[in-house]
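Just so we're on the same page: letters track the sequence lines, and every chain starts at 1. All values reported here derive from a predicted model rather than from experimental measurement.
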Amino acid sequence: MSREKRLELVRRNAEEIVTEGELDSLIDDGSPRAYTGYEPSGTIHLGHLVTVEKLKDLVEAGFDVTVLLADLHAYLNEKGDLDEIEEVADMNRRAFEAYGLEAEFVLGSEFQLNDGYVMDMHRLAVSTTMARAQRSMDEVSRSRDDIHVSQVVYPLMQALDIAYLDVDLAVGGTDQRKIHMLAREGLPRIGYDAPTSLHTPILTGLDGSKMSSSKQNWIDLSMSEEDVEGALNNAYCPAGTETDNPVLEIAKYLVFPEFEEVEVKRTEKYGGDVEYRGYPEVARDFESGELHPLDLKKSVSKYLNGVLAPARENFR
RNA sequence: CCCGCCUUAGCUCAGUCUGGCCAGAGCAGCCGGCUGUAGACCGGCUGGUCCCCCGUUCGAAUCGGGGAGGCGGGACCA
């Protein structure tokens with residue numbers, strides 16, 4: 001694969017890369033290493049899959065990809081007992097693999113309790129201010145009031161993971177960027193390299209607002225095909241605009257990376273069938289009014305169900 | 001360790017002083033109507049261990065005692 005093609009894959013659908021220059025030199029490495037950490041979760045949702053999609057791009061572009069099943073992080077974020085979390089982690093690994101991700105899977109607690117790691121954590125703690133650690137968790141932590149000490153330990157460990165997994169490129173949603181910036185500044189102070197980082201966009205919730213566990217405004221692997229159709233049909237989808245449009249985002253970030261062509265079936269009354277090769281064509285027709293929201297929804301739910309099918313079977 | 005304040009619907013809160021009317025409001029949610037989607041708009045509906053336990057009382061979210069959790073302050077600083 002050409003250098004240009006590889007770079008194109010890495011950059012595709014990325015919200016930002018810090019920094020482009022660093023990526024440029026990384027790509028010339030023999031086998032650069034990339035990673036994403038996930039708190040094991042009972043609900044793998046489309047937001048997770050946006051980053052998985054990116055990891056698949058990276059594999060294709062010649063990166064060695066590691067997925068951290070961050071059981072201790074989930075524990076620190078008050079997601080339950082460590083035993084329960086590890087069961088969920090195993091289920092998550094199977095879902096990711098079924099989704100087509102070829103990566104090495106590492107359980108966080110396997111190395112995060114070692115002497116060297118813990119001492120490095122203390123060294124990083126000494127060189128990091130409370131405000132900085134707390135701020136880095138704004139988009140990540142379970143509850144923003146009643147802040148627990150665990151919530152500032154969390155980003156320190158996430159930074160260290162990057163060093164201990166020997167990662168060149170840290171991947172995550174834009175909600176992770178402040179933690180990655182903390183890693184970029186903090187790791188060199190204790191003798192490690194600053195990682196390059198790549199951030200994927202955060203999907204808009206199905207109701208047009210921010211995705212939130214309390215609102216359940218998302219699609220996840222526990223949902224049947226019919227549930228997905230229903231959820232998409234009920235989704236916020238203002239005609240003619242890409243702004244805050246979850247259905248278009250799903251097409252862009254999850255459907256088109258998996259399908260070269262997407263067909264929209266319509267009766268003659270509404271213009272007849274159309275085929276789209278690539279998301280820009282969809283965006284163009286949607287903005288012009290050529291493509292009606294309902295037709296978009298029907299088509300997206302059909303293709304999205306195709307994308308989810310293998311992982312869904314391995315969900316439990 | 002001491003003192004003060006707080007805890008009521010998914011969320012923000014009212015009600016507590018002075019016990020009694022079905023425990024309320026806004027927002028969120030759900031269901032319809034209007035749209036060839038959703039939203040907006042209109043109409044309707046749902047929603048509660050009043051933090052827990054014990055007591056007083058005919059009757060306790062409300063009063064008394066005990067406890068838990070949260071927040072703030074004080075003290076301690078060998």
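In this structure, A:Lys298 places its NZ atom 8 Å from C1' of B:G36, rounding to the nearest Å. Taking atom CG of residue A:Leu248 and atom P of nucleotide B:U37, one finds them 16 Å apart after rounding to whole Å. Atom pair A:Asp295:CG and B:A38:P shows a separation of 13 Å (rounding to whole Å applied). For A:His292 and B:U35, the NE2 to P distance is 13 Å, given to the nearest whole Å. One can place CD1 of A:Ile147 at 17 Å from C1' of B:G69, the figure rounded to the nearest angstrom. When the P atom of B:G36 is taken as reference, atom CG of A:Leu296 falls 18 Å away, rounded to whole Å. Atom-to-atom, NE2 of A:His148 to P of B:G69 comes out at 12 Å; the value is rounded to the nearest Å. Between the OH atom of A:Tyr270 and the P atom of B:U35 there is a distance of 12 Å, given to the nearest Å.
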(message) With side chain to side chain contact (heavy atoms under 4.5 Å, CB included) as the criterion, how do A:Asp28 and A:Arg3 come out once you've worked through the C-alpha distance, each side chain's angles and the decisive distance to 0.1 Å?
(response) CA-CA 8 Å; A:Asp28 296 322; A:Arg3 191 188 139 89; 2.4 Å; yes

(request) Evaluate the ring pair (Phe, Tyr, Trp, His ring centres under 6.0 Å) criterion for residues A:Phe96 and A:Tyr38: first the C-alpha distance (whole Å), next the side-chain angles of each, then the deciding distance (0.1 Å), finally the verdict. (result) CA-CA 11 Å; A:Phe96 289 148; A:Tyr38 299 96; 4.9 Å; yes

(request) Please report the C-alpha distance between A:Gln112 and A:Asp161 in whole Å, then the side-chain angles of each, then the deciding distance to 0.1 Å, and finally whether the side chain to side chain donor-acceptor pair (under 3.5 Å) criterion is met. (result) CA-CA 8 Å; A:Gln112 290 161 339; A:Asp161 292 343; 3.0 Å; yes

(message) Evaluate A:Gln158 against A:Gln176 for side chain to side chain donor-acceptor pair (under 3.5 Å), listing each step before the verdict.
(response) CA-CA 10 Å; A:Gln158 188 168 333; A:Gln176 303 292 315; 2.9 Å; yes

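Spacing between B:G24 and B:A61 at atom C1', rounded to whole Å, works out to 12 Å. Rounded to a whole angstrom, the distance from the P atom of B:C42 to that of B:G47 is 24 Å. When the C1' atom is used for both B:C6 and B:A14, the distance is 15 Å, rounded to whole Å. A distance of about 16 Å separates the P atoms of B:U46 and B:C30, rounded to the whole Å. Taking the C1' atoms as reference points, B:A23 lies 23 Å from B:G64, given to the whole Å. Straight-line distance between the C1' atoms of B:U8 and B:C2: roughly 30 Å, to the nearest whole Å. B:C45 and B:C50 are spaced 23 Å apart, taking the C1' atom of each and rounding to whole Å. Rounded to whole Å, the P atom of B:C34 lies 26 Å from the corresponding atom of B:G26.
At least one side-chain heavy atom of A:Thr200 sits under 4.5 Å from a side-chain heavy atom of A:Leu198.
Contacts between residues 223-246 of chain A and RNA chain B, defined by a heavy-atom separation below 4.0 Å, involve A:Asn233, A:Asn234, A:Ala235, A:Tyr236, A:Cys237, A:Pro238, A:Ala239, listed by number.
Every residue meeting the ring-ring contact (aromatic ring centres under 6.0 Å, His included) condition with A:Tyr164, not counting sequence neighbours, appears here in chain and number order: A:Tyr117.
In terms of hydrophobic clustering, with Ile, Leu, Val, Met, Phe, Trp and Tyr side chains grouped at heavy-atom distances under 4.5 Å, A:Met137 and A:Leu187 are assigned to a common cluster.
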(request) Starting at the 5' end of RNA chain B, write a dot or bracket for each base, bracketing those in Watson-Crick or G-U wobble pairs whose two distances are under 3.5 Å and using | for partners on another strand. (result) ((((((((.[[[[.)....(...]]]].(((((.......))))).....[[[[[..)....]]]]])))))))....

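Between the side chain of A:Asp207 and the base of B:G39 there is no donor-acceptor pair of N/O atoms closer than 3.5 Å.
Salt bridge annotation for A:Glu242-A:Lys252: absent, with no cationic side-chain nitrogen under 4.0 angstrom from a carboxylate oxygen.
Ring-plane geometry between A:Trp218 and A:His45 is classed as parallel, the angle between the planes falling under 30 degrees on a 0 to 90 degree scale with a further cut at 60.
Geometric assessment of A:Lys265 against the ring of A:Tyr270 yields a negative cation-pi assignment under the 6.0 Å and 45° thresholds.
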